[in-house]
2 protein chains.
Amino acid sequence: MPPHPDIAGVHLQQVLEALVDPVRRQIVRELHAADEALRCGVIDLPVSKSTATHHFNVLREAGLIRQYYVGTSRMNALRRDEVEKVFPGLLALVAAEDHPGAGRPSSGRAGPGGTP
Amino acid sequence: MPPHPDIAGVHLQQVLEALVDPVRRQIVRELHAADEALRCGVIDLPVSKSTATHHFNVLREAGLIRQYYVGTSRMNALRRDEVEKVFPGLLALVAAEDHPGAGRPSSGRAGPGGTP
DNA sequence: CCAAAAGTTCGATGTCTGTCAAACTTCGAT
DNA sequence: ATCGAAGTTTGACAGACATCGAACTTTTGG
């Protein structure tokens, strides 16, 4: 429910910061493929629930996804057309990504506590 | 002179990591606009020379620019067509960027020592 | 030959961001 | 009413990255 920014007002900087994380790109890819809103839990992410919540929030704040509740489930929908209008081709690049392994950052960025 | 990767082998992850930095996008924009190779010094960057060197290296390693020496000057050329072939539309997004202020990261990332 | 110019290398530093665990909230079903 | 499922919130933490200054290399110009 927090604020969904108007994509026209989002800077490329913020969108890139959102998409530079492999986990967040995975989310975008799955939403793109599903072509419909998905529950958070449906997407199998390699991180804890709290971290997942964080990633969804970042995507929302960047104007890439729209979120709304249905019961206790948070639905997530890719803002396809809107994003396409402001950043043409961007989603296609992510959707077409050849996600090797798990799309880990080039310079082994995994954060601490990764998998102790 | 260090290795220039074959762009076809570069992952989207690495390219995004390169382009997420405002300074590096500025470099790409200027090279895009110039449409020819430019000396490092010609591009007026808001960072020290050593930092600039770092940024040019990151861009080269990501396959976005090609570098070669002419005297003591290092020339930098955008690998337009090659990048366009593998990541269509990507350069256009950066080139068309509405660089506000100085394109500082959304979450004030400036690093230490920024402006003491 | 000497000096200036153009970058590079090296080491140090501070901030940011991803990550987790634990406690909490909320809604639906039994 | 109670229990479970689904997420959220709140600290804490560690690793990466951008950044700088100083010293060095190399090439051009006087």
Side-chain angles (χ1 to χ4, degrees), chain A residues 1-3 13-27 37-62 65 67-76 102-116, chain B residues 1-3 13-27 37-62 65 67-76 102-116:
Chain A
M1 20 261 282
Q13 179 66 42
Q14 192 174 355
V15 174
L16 289 179
E17 281 173 3
L19 292 178
V20 83
D21 187 285
V23 175
R24 290 195 285 260
R25 278 204 310 287
Q26 180 186 339
I27 293 174
L38 295 180
R39 279 184 31 233
C40 291
V42 166
I43 304 179
D44 188 39
L45 300 173
V47 295
S48 69
K49 282 202 295 182
S50 50
T51 300
T53 294
H54 167 62
H55 286 311
F56 279 106
N57 286 342
V58 171
L59 288 173
R60 172 175 45 70
E61 285 159 18
I65 65 175
Q67 302 183 298
Y68 56 92
Y69 275 102
V70 172
T72 76
S73 297
R74 190 170 220 176
M75 304 301 297
N76 306 278
R104 74 285 251 167
S106 3
S107 315
R109 134 108 69 215
T115 305
Chain B
M1 34 254 287
Q13 178 67 43
Q14 193 175 354
V15 175
L16 290 179
E17 281 174 3
L19 293 177
V20 82
D21 187 286
V23 175
R24 291 194 285 260
R25 278 205 309 287
Q26 180 185 339
I27 294 174
L38 295 180
R39 281 183 30 235
C40 291
V42 167
I43 304 180
D44 187 40
L45 300 172
V47 296
S48 68
K49 280 202 297 184
S50 50
T51 300
T53 295
H54 167 63
H55 286 311
F56 279 106
N57 285 342
V58 171
L59 287 173
R60 172 174 46 71
E61 285 159 19
I65 66 174
Q67 301 183 298
Y68 55 93
Y69 275 101
V70 172
T72 75
S73 296
R74 190 171 220 177
M75 304 301 295
N76 307 277
R104 73 286 250 173
S106 4
S107 314
R109 148 159 351 260
T115 304

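Worth saying up front: this structure is predicted, and the values here are computed from it rather than measured. Every chain is numbered from 1, with letters handed out A, B, ... down the list of sequences.
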* In whole angstrom, give the distance that lies between atom CD1 of B:I43 and atom C1' of C:dA6. => 14 Å
* To do: Nearest whole angstrom, please: distance from the P of D:dG7 to the CZ of A:R39.
  => 5 Å
* Asked: Can you check whether B:L38's main-chain N or O pairs, donor with acceptor, with B:N76's side chain at less than 3.5 Å?
  -> yes
* Asked: Within the distance-only criterion (no hydrogens, no angle test), does the side chain of A:Q26 pair as donor or acceptor with the backbone N or O of A:D44 below 3.5 angstrom?
  -> yes
* Asked: Rounded to the nearest Å, what distance is computed from the NE2 atom of residue B:H55 to the C1' atom of nucleotide D:dA18?
  -> 6 Å
* Starting at CD of A:E17 and ending at C1' of C:dT17, how long is that distance when rounded to a whole Å? -> 10 Å
* Is any side-chain nitrogen or oxygen of B:Y69 closer than 4.0 Å to OP1 or OP2 of D:dT28? -> no
* Sequence-distant partners of A:H54, side-chain hydrogen bond (donor to acceptor under 3.5 Å, both in side chains), two or more places apart -> none
* Structure fact -> Sorted by chain and number, sequence neighbours left out, side-chain hydrogen bond (donor to acceptor under 3.5 Å, both in side chains) with B:T72 holds for none
* **Gap between atoms CZ and P, on B:F56 and C:dT9 respectively (whole Å)** => 14 Å
* Looking at the side chain of B:D21, which of D:dA18, D:dG7, C:dA6 is the nearest nucleotide? -> D:dA18
* Gap between atoms NE2 and P, on A:H54 and D:dA12 respectively (whole Å) -> 18 Å
* Structure fact -> Under a 4.0 Å heavy-atom criterion, the protein footprint on nucleotides 21-30 of chain C, written with B, S and -, is B----BBS--
* Could you check whether A:T53 gets within reach of a base, just the sugar-phosphate, or nothing at all, counting any heavy atom under 4.0 Å? => base
* Structure fact -> Whole-Å distance, A:N57 CG to C:dG18 P, equals 12 Å
* Quick one: does B:E17's side chain have a donor or acceptor within less than 3.5 Å of a partner on B:A62's backbone? -> no
* Between D:dA6 atom P and A:M75 atom CE, what is the distance in whole Å? -> 13 Å
* Asked: Do any N or O atoms from the side chain of A:Q13 and from the backbone of B:V20 form a donor-acceptor pair under 3.5 angstrom?
  -> yes
* Considering heavy-atom distances to DNA chain D, does A:C40 or B:R24 have its closest nucleotide positioned more toward the 5' end? -> A:C40
* Testing B:L19, B:L45, B:V58 for side-chain contact (heavy atoms from CB on, under 4.5 Å) with B:R24, which one passes? -> B:V58
